[in-house]
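Note that this is a predicted model, so its numbers are computed, not measured. Throughout, a chain's letter reflects where its sequence line sits, starting with A, and its residues are numbered from 1.
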There are 2 protein chains.
Amino acid sequence: MLSDVMEDYLKAIYQLQRETDERIKTSAIAEELEVTSPTVTSMLDKLEERGLVDREKYRGVTLTDEGETVALEVVRHHRLLEAYLTEHLDYDWAEVHEEADRLEHHISEDFEARVADALDQPTVDPHGSPIPSADLERPERPDGKSVTEYEEGDVVTVEEVADRDAEVLTYLADHGVEPGVELEIVEVAPFGMITARSSRRDGTVSLPESIAHHVRVAQPAEVDG
Amino acid sequence: MLSDVMEDYLKAIYQLQRETDERIKTSAIAEELEVTSPTVTSMLDKLEERGLVDREKYRGVTLTDEGETVALEVVRHHRLLEAYLTEHLDYDWAEVHEEADRLEHHISEDFEARVADALDQPTVDPHGSPIPSADLERPERPDGKSVTEYEEGDVVTVEEVADRDAEVLTYLADHGVEPGVELEIVEVAPFGMITARSSRRDGTVSLPESIAHHVRVAQPAEVDG
DNA sequence: CATCGCGTTTAGCCTCGTCTAACCCTAAAT
DNA sequence: ATTTAGGGTTAGACGAGGCTAAACGCGATG
């Protein structure tokens, strides 16, 4: 019914939508999927025909409920796979993305269920990203904001590291930035770079703004104020 | 480099070659892959261009060494996956073929290695089919012949059940026909049907010739003669 | 309110893997 | 040796998914 490529487009639109809340532009999808804009336009025609996206010419698209359901299914596959690979096949969190990206389109519902069972129905993947539930209801937006919204002196808990680059992830793990750790923000540079002290490592770690932006954190129970 | 579809053709040719030892006909490949003959012809053109098959027009193909290596890689993936799914994800031997068929093209070398490690370098899959080794050397033809070559009174050990049909496999398992069991052949009907007594079940089991043909067996250490 | 730049869409082309219809080769049978 | 059945190949089409080049709409600018 739906091709792998169509699933990729829907997933891309879904993920872009989570970040911006606005209609998604052709060019944003093109960049995400590394294809040209005309290619995206023609695929959007097809997705619109099938009722998977709402479209306004020249103004971008949003997912329909049906399109979102498909996207959630793909995202569920992806994140379950990431979790399974780290838990049962000794993968590092930096390596799982690529493998999951290829496998996510090719597993059966049966496989999905067995993997979920083996992991005891996990709710987050190794990067702290929420795994959509089996019923594919629209998950609520996780609370917690980007670490870039905090200030010097704040102490926060890392909830999600939404980066996909293997080298970046390895660097972050080596410097104690992973879901679950506490960060004390020691400096916010004028150009956005954040320097923090991790509860898991000596010394400090510095995150350029583009990377810090993908680190979602929550403030632990406040000590004062 | 090589598409999934090309891999499928090479695998099909490899498997047909294991059965017959002769040049493989267009129509045999077409039947195996459920496509039409002209489709096969045009794919064989491409495989020949790439040096993966030796071709004689109107007389079928054989794999080149390079083509065989590719086929062995795919078969290794397939059988490792089958073994992994049964060992670690609680799949039944009847269910694994389809899943492995879809995944075999999409796993990395890394994944292959990790799965092989998790299984402690297995040499056969759940159906008793040999798993090509990691170096992809041409495996020797397993000894043992089809059970159809034996006669009433012979006692044999099942080595491989090379069927892919889930219903057939379920039936066979239910009736005690699996790798490792001993079969005593109690009747060979004129139309080829074999009736046997399994060491694992009461009563007898009858196998139509088309199914019996896929059951490869060895004769255990002879008692007399 | 006319223009201009940038991003989107249209138009047209390509490759891959598939099909059907028509043609042609091989091998077996006479 | 000729015929013929059956299977293989050629020819031409199509849908999917990609591209480049050119046309066009939107929104900001003067």
*Side-chain donor-acceptor pair under 3.5 Å between A/Thr195 and A/Ser206, yes or no?*
yes
*May I ask you to check whether B/Asp135 and B/Ser133 show a side-chain donor-acceptor distance below 3.5 Å?*
yes
_Side chain of A/Asp45, heavy atoms from C-beta onward: which of D/dT10, C/dT18, C/dT10 has the nearest atom to it?_
C/dT10
*asked:* Measuring from the side chain of A/Ser27 (C-beta onward, heavy atoms only), which nucleotide among D/dA16, C/dG7, D/dG8 has the closest atom?
replied: C/dG7
Would you indicate, yes or no, if [N] has its OP1 or OP2 atom less than 4.0 angstrom from a side-chain nitrogen or oxygen of [X]?
X	N	answer
B/Lys57	C/dT26	no
B/Ser3	C/dC16	no
A/Thr39	D/dG18	no
A/Ser37	C/dT9	no
B/Arg55	D/dT9	yes

*Most 5' of A/Pro38 and A/Asp4 on DNA chain D, judged by nearest nucleotide*: A/Asp4
Report which part of the nucleic acid [X] touches: base, sugar-phosphate, or nothing (heavy-atom distance under 4.0 Å, all strands).
X	result
A/Thr36	base
A/Ser42	nothing
A/Thr26	sugar-phosphate

*Determine whether B/Tyr84 and A/His88 make a side-chain contact, defined as any pair of heavy atoms from C-beta on separated by less than 4.5 Å.*
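Yes, side chains in contact.
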*Test side chain to side chain donor-acceptor pair (under 3.5 Å) applied to B/Tyr91 and B/Glu82, B/Glu99, B/His97, the passing residue*: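 So the option named by the test is B/Glu99.
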